[in-house]
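All heavy atoms count here, side chains included; hydrogens, waters and symmetry mates do not. Quick caveat: nothing in here was measured; it's all calculated off a predicted structure.
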Amino acid sequence: MRDGHPLDELLRQRALLAAREASAHGGPRLQELRLWQAARLMTTYADLRRDPRCADAIGFFLSDVYGLSGHARRDQDLERAAERLERSLPEAALRVLVHALELQLLTAELDQSMAAELGAGPIDWHSYASAYRKVGRAEARRQQIELVLAIGKDLESLVARDWMALALRAARAPAVLAGYGALHDFLYRGFAAFRKVGDPARLLRAISDREGRLSAALFSGAALPAEIVGLGASPAMGG
């Protein structure tokens, strides 16, 4: 019998968040912010997206973990199948789901705060940096990066198990029949993507370095690293 599993509270928070976003007046601005951030991530990791070993893993992070494709079907599957998954999934696979939900909730909370602080007009690095500093919450920003890295480490742990590929492939048909194919697809895409990387630690170091340096520069108002933000950004974001 389930009793206070982290998934229970995370799913409850997800439902509250979905209701809050549905009734929010700043919906279009929030969507604009998310599109802008998605474009930023594409720029920041353009080199890794061109690397055949890392391309799928970066794509997984951009589309499945953070991206705009939406998590509704995956989360609905998780809600229906949570009790069964807690009994049947390896601990590392369950942690992927827990960390993904935690990241989804924290990112949505920060995005909502950012959208409320953005002034009128198109979003650019100046307006984004200003809103970033007004929201503050440096510890939450660090946690956001740590959750991305935790998902990567969980997937690295799964890849290290020789039998996991066969187990996930064998689970595909039963998962679809049971009504949680989207959830299985999420796990399998992450597993398959990290299997190609070869050295996941190198990829995770790159993410940690780039996101950490960018966050520090945004908080301080210092020059933003051109290799992270792209050549179109102003070199200094202070003011």
Side-chain angles (χ1 to χ4, degrees), residues 6-7 10 37-69 71 74 78 85 89-107 110 137-169 171 183-220 222 224-230:
L7 282 175
L10 290 169
Q37 290 180 143
R40 190 282 286 181
L41 289 165
M42 296 285 278
T43 297
T44 298
Y45 296 100
D47 59 325
L48 295 176
R49 289 169 53 229
R50 292 191 295 268
D51 184 335
R53 296 166 300 176
C54 298
D56 286 354
I58 291 297
F60 174 76
F61 277 126
L62 297 187
S63 65
D64 289 74
V65 174
Y66 180 76
L68 296 167
S69 57
H71 309 99
R74 184 196 73 197
L78 181 55
L85 293 172
L89 278 181
E91 184 179 348
L94 194 59
R95 284 199 306 267
V96 172
L97 300 176
V98 170
H99 287 146
L101 264 177
E102 288 176 337
L103 179 62
Q104 177 187 343
L105 289 165
L106 180 59
T107 297
L110 290 169
R137 302 194 58 190
E139 181 56 36
R141 292 297 183 184
R142 282 192 291 272
Q143 185 184 1
Q144 199 177 22
I145 298 170
E146 287 167 4
L147 284 169
V148 173
L149 300 177
I151 292 168
K153 290 173 183 175
D154 296 338
L155 290 168
E156 182 180 9
S157 174
L158 289 178
V159 168
R161 306 177 192 197
D162 293 337
W163 52 269
M164 186 57 64
L166 288 173
L168 284 173
R169 280 197 292 269
L183 183 58
H184 177 275
D185 287 347
F186 169 78
L187 286 172
Y188 190 78
R189 279 194 299 273
F191 173 85
F194 263 72
R195 217 175 168 200
K196 290 182 179 179
V197 171
D199 183 10
R202 180 179 70 91
L203 172 63
L204 297 177
R205 281 195 302 270
I207 293 172
S208 177
D209 175 69
R210 296 179 194 191
E211 297 304 312
R213 287 167 59 202
L214 177 59
S215 183
L218 286 167
F219 275 125
S220 69
L224 299 179
E227 70 276 15
I228 292 177
V229 303

Side chain to side chain, Glu156 and Val197, heavy atoms closer than 4.5 Å
no
Here the pair of heavy atoms bringing Ala140 nearest to Leu106 is O-CD2, 3.5 Å
Is Arg213 salt-bridged to Asp209, going by a charged N under 4.0 Å from an acidic O?
yes
Is there a donor-acceptor pair under 3.5 Å between the side chain of Ser215 and the backbone N or O of Gly212?
no
Is there a side-chain contact between Leu155 and Phe60, using heavy atoms and a 4.5 Å cut-off?
yes
Taking every heavy atom of Val159 against every heavy atom of Arg195, the minimum-distance pair comes out as CG2-N, 3.7 Å
Do Arg202 and Asp51 meet the salt-bridge criterion of a basic N to acidic O distance under 4.0 Å?
yes
Spatial distance of atom CD1 (Ile58) from atom CZ (Arg50) [nearest 0.5 Å]
12.0 Å
Decide yes or no on side-chain contact (heavy atoms from CB on, under 4.5 Å) for Leu103 and Gln143, but give the supporting numbers first.
CA-CA 9 Å; Leu103 179 62; Gln143 185 184 1; over 6 Å; no
Side chains of Phe194 and Leu158 in contact at under 4.5 Å (non-hydrogen atoms)
no
Please determine if Arg210 and Asp47 form a salt bridge, counting it only when a charged side-chain N lies under 4.0 Å from a carboxylate O.
yes
From Ile207 CD1 over to Thr44 OG1, what is the distance, rounded to the nearest 0.5 angstrom?
11.0 Å
Measure the spacing between CG of Asp154 and CG of Leu149 and express it to the nearest 0.5 Å.
11.0 Å
Please determine if Glu211 and Arg40 form a salt bridge, counting it only when a charged side-chain N lies under 4.0 Å from a carboxylate O.
yes
Shortest non-hydrogen contact from Pro225 toward Ala217:
CD-CB, 4.4 Å
Side chain of Ser63, backbone of Gly59: donor and acceptor closer than 3.5 Å?
yes
Taking it one step at a time, do Phe191 and Val96 satisfy side-chain contact (heavy atoms from CB on, under 4.5 Å)?
CA-CA 10 Å; Phe191 173 85; Val96 172; over 6 Å; no
Could you give the distance from CG (Leu214) to CZ (Arg141), rounded to the nearest 0.5 Å?
9.5 Å
Is Glu139 paired with Arg142 through a side-chain N to carboxylate O contact shorter than 4.0 Å?
yes
Quick one: OG1 on Thr107 to CD on Gln144, what's the gap to the nearest 0.5 Å?
4.0 Å
To the nearest 0.5 angstrom, please state how far the CD atom of Glu146 sits from the CD atom of Glu102.
11.5 Å
For Ala206 and Leu48, work out which heavy atoms get closest and say how close.
CB-CD1, 4.2 Å
